[in-house]
Q: 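Please read through the structure below; I'll follow up with questions.
No experiment lies behind these values; they were computed from the predicted model shown. We name chains A, B, ... by the order of the sequence lines, and we start the count at 1 in each one.
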Amino acid sequence: MRPILMKGHERPLTFLRYNRDGDLLFSCAKDHTPTVWYADNGDRLGTYRGHNGAVWTCDVSRDSARLITGSADQTAKLWEVSTGKELFSFRFDAPARSVEFAIGDALAVVTTDNFMDHVPTVQVKRIAEDIDDQTEESALVITGIKGRINRAVWGPLNRTIITAGEDATIRIWDSETGQLLKESDKESGHQKTISSLSKSLDWSHFITGSLDKSAKLWDTRTLTLIKTYVTERPVNAVDISPTHDTVVLGGGQDAMNVTMTDRRAGKFEAKFYHKILQEEIGGVKGHFGPINALAFNPDGRSFSSGGEDGYVRLHHFDSDYFSIKM
Amino acid sequence: MAAQQKIRWGELEEDDGGDLDFLLPPRVVVGPDENGLKKVIEYRFDDDGNKVRVTTTTRVRKLARARLSRSAIERRQWPKFGDALKEDAGSRLTMVSTEEILLERPRAPGSKAEESAASGDPLAMASKGGAVLMVCRTCGKKGDHWTSKCPYKDLAPPTETFTDRPPTSDGPPAPGGPAKGAYVPPTMRGGADRTGDSMRRRNDENSVRVTNLSEDTREPDLLELFRAFGPVSRVYVAVDQKTGSSRGFGFVNFVHREDAEKAINKLNGYGYDNLILRVEWATPRPN
């Protein structure tokens, strides 16, 4: 494969997201402007200007009309995808970390960090169809979690919310009452900060990446550990292929430690594993630094990676990838 | 007439640089031709106010089987916004990599799992903390020992350099020799030459060199393989200290020469761990 290199960000990438049709790719970075690209040739369509801090995550609505972004400037903003116009701004007391639209795009989950003396929270916001009716009220606020919540996503049928974060525990909450339903097992679960979480296409299972150099596959309803993928580097980003039984892991040690180790020890590759057999299929090189974001295209024929070097790399798979035999 | 012209000239001078764009020729797009080359010709003013013509040549490549939904096709027609609006064709934010990136496969499936570093050569472990980089010229090990103190000296092929044999106290004193402590040429020393020769030959004859080992072969593996032919006195596998994998060769010492010969005949060309072994005498035998 001959990857497409997109240099639209001046600082490290934090998140990558495709829309549902797979023709738009949204990238977020520690500079303040999320960017949208055409996902087939890497052309830049536009940028969303308005944030005053690093943008941690984003999500796009089902019809690709609206974008929501969570930022370190203590706001989460709604944008119009086609024009870059800012529609609304939710204000918080702490940096907003993770954002996601619910099914139907009528709700959005937003997490805030533990900032100074504020405890981390998970908040559910109502998203109005008409932007004039939009308010800042929270339909639900969940507290009681220690440590930063790095990722919060909706469960099936919008009935649950799944959170994962700094305390290495995955929790499932009721999205109406805020009651804690399930917690991941301490023994078989992750031992260090969970950095990333990604759901499968049908939301029946999800994968988490952790700084304990492993990624784990979980059942969404029962929170049972299904598979574990062991690597030799901290895992910053994970994703599940929508069409094949593969998962991709990316990571690497922190940039500040790179100069103190052997050149080969950096290991800045995106690693592919067989989802069921837990064996490594192969690796894709290219980034000059840790990989912070990974995303599969919903058609399963390409994937993107974002790194500490500020580049987004768009890879269209060769035909060899689709006929790999274990 | 002259006053009107003067006013117009003054009005032009007061405008900022951006408004002078109407003086430039329009943007021209040529192609793409049958080779997929497209030219974009733009004109602009540089900092000195000179007119500059910028020609950008790009290669247009169509991705096969791009099936888009109707809404995705509509999205292709969206105008650019934000920072992309002022982006000219030569900004090169999006580039196709000139390097072919492959999905690199790990080692072949079915190969043995790599042993932990703790089970490696104990001599290598002892020197891990040392900061000095020592390289032995005889066996090539790094960080273990100097060349003069190589414990595997007898196993390696002999070098062409002259090696002085130490005098032995077993032999009787040379007949008619001078007093104790005086220098005696090696050939003149009684008994020492014969003893040293036979000792060296016995060690050399029983050494077997094994090459084309796989990366994860270790000394217990070789011992298990060669023990079937007779008692083994020593096994050595060269290991890369940095990566922990085998360097592909090793030496085996047998107690009896007949066992070594049997092992060579049996195992040369033997398929072991996906590789064909090459087993031969460590020292060329004198004929």
Side-chain angles (χ1 to χ4, degrees), chain A residues 1-8 19-24 33-49 63-64 80-85 262 264-265 269-272 277 279-286 299 301-302 312-318 320-321 324-326, chain B residues 32 36 38 40 58-111 113-114 116-117 133 142 240-245:
Chain A
M1 61 187 85
R2 204 176 282 258
I4 298 172
L5 282 65
M6 289 113 84
K7 179 61 177 175
N19 66 334
R20 193 171 79 102
D21 291 322
D23 63 307
L24 297 179
T33 48
T35 305
V36 59
W37 317 78
Y38 285 117
D40 52 343
N41 56 9
D43 261 0
R44 184 162 76 161
L45 172 57
T47 56
Y48 303 90
R49 284 186 286 189
D63 56 356
S64 304
E80 191 176 8
V81 165
S82 55
T83 59
K85 178 186 162 196
D262 190 270
R264 289 170 293 180
E269 302 158 358
K271 289 282 188 179
F272 287 82
L277 302 177
E279 284 189 34
E280 186 187 328
I281 291 170
V284 175
K285 287 179 179 169
D299 64 11
R301 286 201 287 264
S302 61
V312 181
R313 295 175 74 98
L314 173 55
H315 307 79
H316 294 276
F317 289 119
D318 289 335
D320 302 356
Y321 165 79
I324 287 174
K325 299 290 196 304
M326 298 303 298
Chain B
K38 181 171 95 169
V40 179
T58 53
R59 182 182 296 274
V60 177
R61 199 182 54 163
K62 277 203 182 303
L63 294 175
R65 308 188 314 273
R67 292 185 296 251
L68 297 179
S69 61
R70 189 189 305 116
S71 51
I73 291 170
E74 285 167 10
R75 286 194 284 267
R76 297 290 326 190
Q77 315 304 319
W78 281 355
K80 306 248 172 151
F81 60 91
D83 296 339
L85 204 52
K86 308 182 186 70
E87 182 184 317
D88 50 3
S91 64
R92 295 175 60 79
L93 287 184
T94 302
M95 300 176 293
V96 178
S97 173
T98 54
E99 184 185 357
E100 188 77 21
I101 301 288
L102 298 177
L103 188 75
E104 299 186 358
R105 307 298 306 267
R107 74 170 62 87
S111 61
E114 189 167 354
S116 62
L133 179 61
K142 293 196 178 94
D240 191 326
Q241 192 199 1
K242 188 153 287 180
T243 63
S245 57

Q: Heavy atoms only, distances under 4.5 angstrom: which of A:V81, A:L45, A:T33 has the most pairs with chain B? Name it, please.
A: A:L45

Q: Quick one: list whatever passes ring-ring contact (aromatic ring centres under 6.0 Å, His included) with A:F317, sequence neighbours left out.
A: A:F272, A:F303, A:Y321

Q: Please classify the contact of A:S64 with chain B as side chain, backbone, both or neither, using a heavy-atom distance under 4.5 Å.
A: both

Q: Working to the nearest 0.5 Å, report the span between OH of A:Y48 and OG1 of A:T35.
A: 9.0 Å

Q: With respect to chain B, which residue among A:G42, A:G84, A:S82 yields the maximal number of heavy-atom pairs within a distance under 4.5 Å?
A: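 So the answer, after comparing A:G42, A:G84, A:S82, is A:S82.
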
Q: Under 3.5 Å, side chain of A:N19 to main-chain N/O of A:L24, donor-acceptor pair present?
A: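 Yes; at least one donor-acceptor contact below 3.5 Å.
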
Q: Can you name the side chain to side chain donor-acceptor pair (under 3.5 Å) partners of A:D299, sequence neighbours left out?
A: none

